Amino acid sequence: MMQHQLSIRAQFRPEMLECVLRHRGFQVCSMHMVSALNTDNITIELTVTSQRLLSLLSSQLSKLMGVSCVEIRRC
């Protein structure tokens, strides 16, 4: 399986992590979340594995309400 790293910038909402982690055909290996000071924004760093194309996951996450940016860090 291929391992990938993603960085997701989004608005902090109670349901945001649930939406990001919902099964999308990728297994989450690690996750780190940091909230930006004095804002309602968060950055979620994910390491995932799958045999599926990473562009599929990136596209799905980009469509979530409140997500402002999805960056592929490493493939």
Side-chain angles (χ1 to χ4, degrees):
M1 283 195 182
M2 299 277 300
Q3 192 171 60
H4 310 282
Q5 290 183 334
L6 298 167
S7 178
I8 304 161
R9 285 193 299 263
Q11 294 176 337
F12 177 75
R13 297 188 335 228
E15 67 276 7
M16 182 55 70
L17 283 178
E18 180 182 345
C19 291
V20 168
L21 295 175
R22 186 171 293 136
H23 177 71
R24 299 176 189 284
F26 289 79
Q27 179 180 355
V28 176
C29 299
S30 68
M31 180 185 76
H32 180 73
M33 184 186 85
V34 176
S35 60
L37 296 174
N38 302 322
T39 69
D40 65 344
N41 295 321
I42 57 173
T43 301
I44 304 168
E45 302 285 338
L46 287 177
T47 302
V48 298
T49 60
S50 181
Q51 294 180 353
R52 300 177 78 185
L53 294 175
L54 185 60
S55 60
L56 177 63
L57 177 62
S58 178
S59 174
Q60 290 174 346
L61 293 173
S62 295
K63 294 175 187 175
L64 292 175
M65 183 182 291
V67 171
S68 59
C69 182
V70 177
E71 294 179 13
I72 298 171
R73 295 288 190 185
R74 180 181 64 190
C75 291

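The structure presented is a predicted model; accordingly, all values stated were derived computationally and were not measured. Index from 1, following the sequence.
- Residue pairs satisfying the salt bridge (Lys or Arg N to Asp or Glu O under 4.0 Å) criterion with at least one member in residues 55-72, sequence neighbours excluded, are listed as follows: R9-E71, E71-R73.
- For the atom pair R13 CZ and L64 CG, the distance stands at 8.0 Å (nearest 0.5 Å).
- With a 4.5 Å cut-off on side-chain heavy atoms, M16 and I42 count as touching.
- For R52, the salt bridge (Lys or Arg N to Asp or Glu O under 4.0 Å) test picks out no residue, with sequence neighbours left out.
- In this structure, the side chains of I8 and T43 stay at 4.5 Å or more apart for every pair of heavy atoms.
- In this structure, S62 contributes its side chain and S58 its backbone to a donor-acceptor pair below 3.5 Å.
- Taking 4.5 Å as the limit, every side-chain heavy atom of L57 sits out of range of all side-chain heavy atoms of V70.
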Indicate every side-chain donor-acceptor pair of residues 25-34 with a distance under 3.5 Å to a residue at least two apart or in another chain.
| from | atom 1 | to | atom 2 | distance (Å) |
| --- | --- | --- | --- | --- |
| S30 | OG | T47 | OG1 | 3.1 |

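- The closest side-chain donor-acceptor pair between E45 and S7 falls under 3.5 angstrom.
- One distance of note links CG of L53 with OG of S59; it measures 11.5 Å at 0.5 Å rounding.
- Going from atom CD of Q11 over to atom CG of D40 covers 5.5 Å, rounded to the nearest 0.5 Å.
- Shown here are the side-chain hydrogen bond (donor to acceptor under 3.5 Å, both in side chains) partners of Q60, two or more places apart in sequence or in another chain: there are none.
- Not counting sequence neighbours, the partners of Q51 by the side-chain contact (heavy atoms from CB on, under 4.5 Å) test are M1.
- With contacts defined as side-chain heavy-atom distances shorter than 4.5 Å, the pair Q3/V48 does not qualify.
- For E18, there are no side-chain hydrogen bond (donor to acceptor under 3.5 Å, both in side chains) partners at least two apart in sequence or on another chain.
- Two different hydrophobic clusters hold L56 and I44 under the rule that ILVMFWY side chains link at heavy-atom gaps under 4.5 Å.
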